[in-house]
Peer 1: 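Following this message is one structure expressed as structure tokens.
Since the model is a prediction, treat every value here as computed from it, not as a measurement.
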Amino acid sequence: MKFAVITFPGSNCDQDIFQVTNSVYNIETDMLWHNTKQDLSKYDCIFLPGGFSYGDYLRSGAIARFAPMMGEVVNYAEAGGLVVGICNGFQILLEAGLLAGAMKVNNSLKFICKTVELEIVNAETPFTNQTKKAEILRIPVAHQEGNYFIDKKGLAELKKNNQIVLRYKDEIENPNGSIDNIAGITNKAGNVFGLMPHPERAAEEILGNVDGKKIFDSIINFLQSRGGKIGA
Amino acid sequence: MKWKTKIEIKLKESILDPQGQAVEDGLQSLGYQNVSKLSIGKYLELEIETEQGKDAVAEQVTEMCERLLANPVIEEYSFDISEVG
Amino acid sequence: MKWKTKIEIKLKESILDPQGQAVEDGLQSLGYQNVSKLSIGKYLELEIETEQGKDAVAEQVTEMCERLLANPVIEEYSFDISEVG
Amino acid sequence: MAHNQETVWEKEGLTAEEYQMIVARLGRKPNYTELGMFGVMWSEHCSYKNSKLILKKFPTEGKRVLQGPGENAGIIDIGDNQAISFKIESHNHPSAIEPYQGAATGVGGIIRDIFTMGARPIASLNSLRFGNLNNNHVKYLFKEVVAGIAGYGNSIGIPTVGGEVNFAAAYQGNPLVNAMSVGLMEHDDIATGTASGKGNPVMVVGAATGRDGIQGASFASDELTDESAEDRPAVQVGDPFMEKLLLEASLELIKSGVLVGIQDMGAAGLISSSSEMAGRGGAGIEMEMSKVPCREEGMTPYEMLLSESQERMLVVPRKGKEKLVEKIFAKYGLHAAVIGKVTADGMIRVLHDGEIIAEVPAKALADDAPVYQRDSSRPAYLTEIEKLDINKLIEANPAAKNYNQVLLKLLASANIASKKWVYEQYDQQVQNNTLVLPGSDAAVLRIKGKNKGLALTTDCNGRYCYLNPKVGGRIAVAEAARNIVCSGGEPLAITDGLNFGNPMDPEVFWQFEEAAQGISEACLELETPVTGGNVSFYNESPDGAIYPTPIIGMVGLIRDLQDVTTHDFKDAGDQIILLGETKEELGGTEYLKEILGEEKGSIPEINLKYEKRVQQTCLTAIRKGFVKSAHDCSEGGLAVALAESTFRKELGIKINLPDSDISKVAELFGETQSRIIITTEKENLDNIQNIACKNEIAMTVLGTVIPEKLFIIDGLIKLDLEEMKKQWQNAIPAEMES
Ligand SMILES: Nc1ncnc2c1ncn2[C@@H]1O[C@H](COP(=O)(O)OP(=O)(O)O)[C@@H](O)[C@H]1O
Ligand SMILES: [Mg+2]
């Protein structure tokens, strides 16, 4: 099994993902610089990390999605490969059109960093198969633009196709005002996953929380049992 | 030839604007109770150098807005072009 | 009477505009090499209801900009007022 | 003519005598550019001319000190070939004028100091002071400063893990914004700000130069007046994105091994970095201004020399390695331009289009600035303050003995209330090392790959320092150390952010001397040397000087991650113990301020030897595994400290205070120093007693943690925990979100 993390200028959670996949899970993980163009097909899962790519200037993820490597990510996703965008990575996936919807600034207009309760909405994805539907995970969020928006029609689509994977447990846990308390979604094919919470911050006993491991466990389980590609 | 372009980008009407709402509340608490329908967007200025005419510039600006400057899922834009020499 | 107000707020001349710089670089790497002097500011729209005339509205808008909407230390603003009914 | 001359040096913030010194050192009159160079380099901010003699008295040596004061930041050894670089810096005046950008660039500046030393920044802290929170301008400053710290720190990807915020009228016109950065490095990567080796290139890397903050250093060395808003330098805007790239590129460059020296361009920009680097290396630097990458058109050499544009560095690689430097920076899309070379003649020589426009000995600028011993006299206000009869005040005020109400009121006071509103805006976890998040006594970070960690804190009680600067200085260090110890760490060293008024005022200078003396004494006794710091004078507004505020930033080492301890009570049935003893000490307390409206009286005494023994007791007990929670007893006294420990797990307490001669008010709310509250399982009581005995300190079993959500102290206090928690949690959000 081999993973890759793509680092954009201004990414800052790239090493944290590496720490988890490489040190906690012992999976060979390559760090790829945004500016190169290389075939990604040898990887089993691609991570777009959190941070402030290009300073999040203009809109978060807006400039990063034009990075040369993003073209490769699109090809990889279209071929059914697993792509996970965490926080800023989620924002980039939205801007790139790999996921539906857009991010607005948090309703509080403030950056918020805290652990929130998340409800598993769809436990049948490559990213959540080691969880149960309605299970509650506690995972940290840290963002200023996590107020997910999609129009009515789009929302109906998401629901119909079971694309909503994670919700903030309720209005009170919702840290940003996102529509329908959405915290994480997939594309229609189910191989591209974007989420605002940071599972990589909750994957080591010493840090006091291992709920995030269930996401990584799910990915690994999916790859081991199903061999990788989805749909396409 | 140089063209000065001013671009206004704002959230689409139907989309809730938390920032606009907060600023409207702020104004009202300062005593400006007669203010309403406040929305906040972005204002960009830039210069484009080209041999071509205004129409071509407008085409380029439209393209830049669609591709990068605005997010068509939630935003709309308008612009104004004038010659600077 | 209702007055529609459009306000443009931008950074003063020699104040660094990292956002504008990053977006200009972004456009250039997308192939728009003829773009320069890009700056990013804010665009506000709002309505003001009053019995008074345009001058009074302009005075109120100026006051609101100075007090809350713009940061006079680093920003400058301009606005445009029109009657909506 | 004479009149004209006068304004020339005055415009640069120099005195007539200083001008004469410059003429003597050059053997001629300086030209306009040269005078500007002296103006900023001889400003208090760059030269420390008014503080140097006092700072010399700090203990700066210790077995762990690898780099003491004098470089961009201090460095201490933490074993395993690893070291920690850390420093605190003020950005008070810029934050008063433009709070968001002022705070943001303060954070950016101190982070640069750390990575120029070769360390990767792993944590930020901040220490803030504002006027009373019921004022709209104060709210604005508070909100924007916090947003600015968050905006910069979150974006650059360094967790903000701790700090303090305090509110007092004395800071109304002059808020304090001090930022601390902590970095981790391998011994082999230590870099310094030295220029040497004739012919080696001098390069500017990072952002392009604009007209930002010209003469900011002189500005920082002046009082804030109403006109400050008018004649301020162009406000610096921070670009954390640029700095993140600069950080990665600089660390890569340091690793490459081709560097001679590297220095951050902070206050006074190019002129300060070049003369300091040359001064340290005993060399000279020759530079051509037309080669400096500029952001704005038509900048004069004078402006380029003095610009304080952020996110830039001056680097000296070995000759022939220019291309490598360029390549490393190009990867991150950054400038790297050769602007000159190192010379052997000790001169800073500035050329513009080949023509020499300034030529000054580097040492004259950087090292030979005048040094002053200012007049000092004990402030008159102290005599007045000591006259306070606290008992009479209490007797005259029936509310002062309604202990339930007093406690609720204290918990809801801005200084004691939860600071969650602040730290929730900070990314506290990025880099995945934060084991103890903000909210406990000190933040704790692990060192990846090792079973050890760091404990970090900042502390200072400005009111104490106002009422008694020497004892206040001692307490600031002692409290910082106590916070480290309560977290399971061994205090290692400090950095200090010394914020004072105008040093020309003898009463202010006295405060400065006394506080420094107190800090020195405590550092000696607690074996925490000073490795660096920052002096910020002229913190005054038309209403007068701020409280003297020497902020202590301390780093502690956690030998074994098993020792990590937090302040919250863990399980019902645990025994609550007080280490140390309580005295009748109510002067200068939060109780006195909040309940009786007085900021007066004699502040608590501190016996540093006893303090040390209390800390040793706590740390030994923690290391032996006897301690389930530990909390420093400070502002608000015993009752507040106990309350703070109940909130996290919502476990109640039942306390029986021992008989004593002290008043109940002092028992509950007095702020006697050298006290720590710990909890333990019953069977370890004797073990802890033995340790306390050995260290010859008092230990009292106060009571028990109970499962009910009740807070009971004798017949004095009985409160519902949820009500208390609500008061404590909602106070600041209620002020800020209304
Ligand atoms: N400005 C700030 N930034 C980050 N954390 C803060 C800030 N102010 C307070 N905190 C955190 O809140 C907690 C309580 O602060 P404080 O009351 O000063 O603690 P103590 O008295 O133990 O030093 C600490 O964990 C501290 O780090
Ligand atoms: Mg404290």
Peer 1: Could you show, one pair per line, the donor-acceptor contacts under 3.5 Å between chain B and chain A?
Peer 2:
{"residue": "B:Leu16", "atom": "O", "partner": "A:Lys104", "partner atom": "NZ", "Å": "2.6"}
{"residue": "B:Lys42", "atom": "NZ", "partner": "A:Leu58", "partner atom": "O", "Å": "3.2"}
{"residue": "B:Arg67", "atom": "O", "partner": "A:Arg65", "partner atom": "NH2", "Å": "3.1"}
{"residue": "B:Leu68", "atom": "O", "partner": "A:Arg59", "partner atom": "NH1", "Å": "3.1"}
{"residue": "B:Leu68", "atom": "O", "partner": "A:Arg59", "partner atom": "NH2", "Å": "2.9"}
{"residue": "B:Leu69", "atom": "O", "partner": "A:Arg59", "partner atom": "NH1", "Å": "2.8"}
{"residue": "B:Asn71", "atom": "ND2", "partner": "A:Glu95", "partner atom": "OE2", "Å": "3.4"}

Peer 1: Roughly how far apart are A:Phe66 CZ and B:Leu68 CG, rounded to 0.5 Å?
Peer 2: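 With rounding to 0.5 Å, CZ (A:Phe66) is 5.0 Å from CG (B:Leu68).
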Peer 1: For B:Ala58, what residues pass the side chain to side chain contact (heavy atoms under 4.5 Å, CB included) criterion, not counting sequence neighbours?
Peer 2: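 Once residues adjacent in sequence are excluded, the partners of B:Ala58 under the side chain to side chain contact (heavy atoms under 4.5 Å, CB included) criterion are B:Phe79, B:Ile81.
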Peer 1: Taking all heavy atoms of B:Pro18 and all of A:Val105, pick out the closest pair and write down the distance.
Peer 2: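 Residues B:Pro18 and A:Val105, closest heavy atoms: CG-O, 3.8 Å.
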Peer 1: Under 4.5 Å from any heavy atom of chain B, what part of A:Ile63 do you find: side chain, backbone, both or neither?
Peer 2: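 A:Ile63 touches chain B through backbone and side-chain heavy atoms alike.
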Peer 1: State the CG-CG distance between A:Leu58 and B:Leu44, to the nearest 0.5 angstrom.
Peer 2: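 A:Leu58 atom CG to B:Leu44 atom CG measures 7.0 Å (nearest 0.5 Å).
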Peer 1: Should we say atom CD of B:Glu47 is surrounded by more than 12 heavy atoms from elsewhere, each under 6.0 Å from it?
Peer 2: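 Counting other residues, nucleotides and ligands, CD of B:Glu47 exceeds 12 neighbours.
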Peer 1: Check whether B:Ile9 gets within reach of chain A through its side chain, its backbone, both or neither, counting any heavy atom under 4.5 Å.
Peer 2: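 Neither the backbone nor the side chain of B:Ile9 comes within 4.5 Å of chain A.
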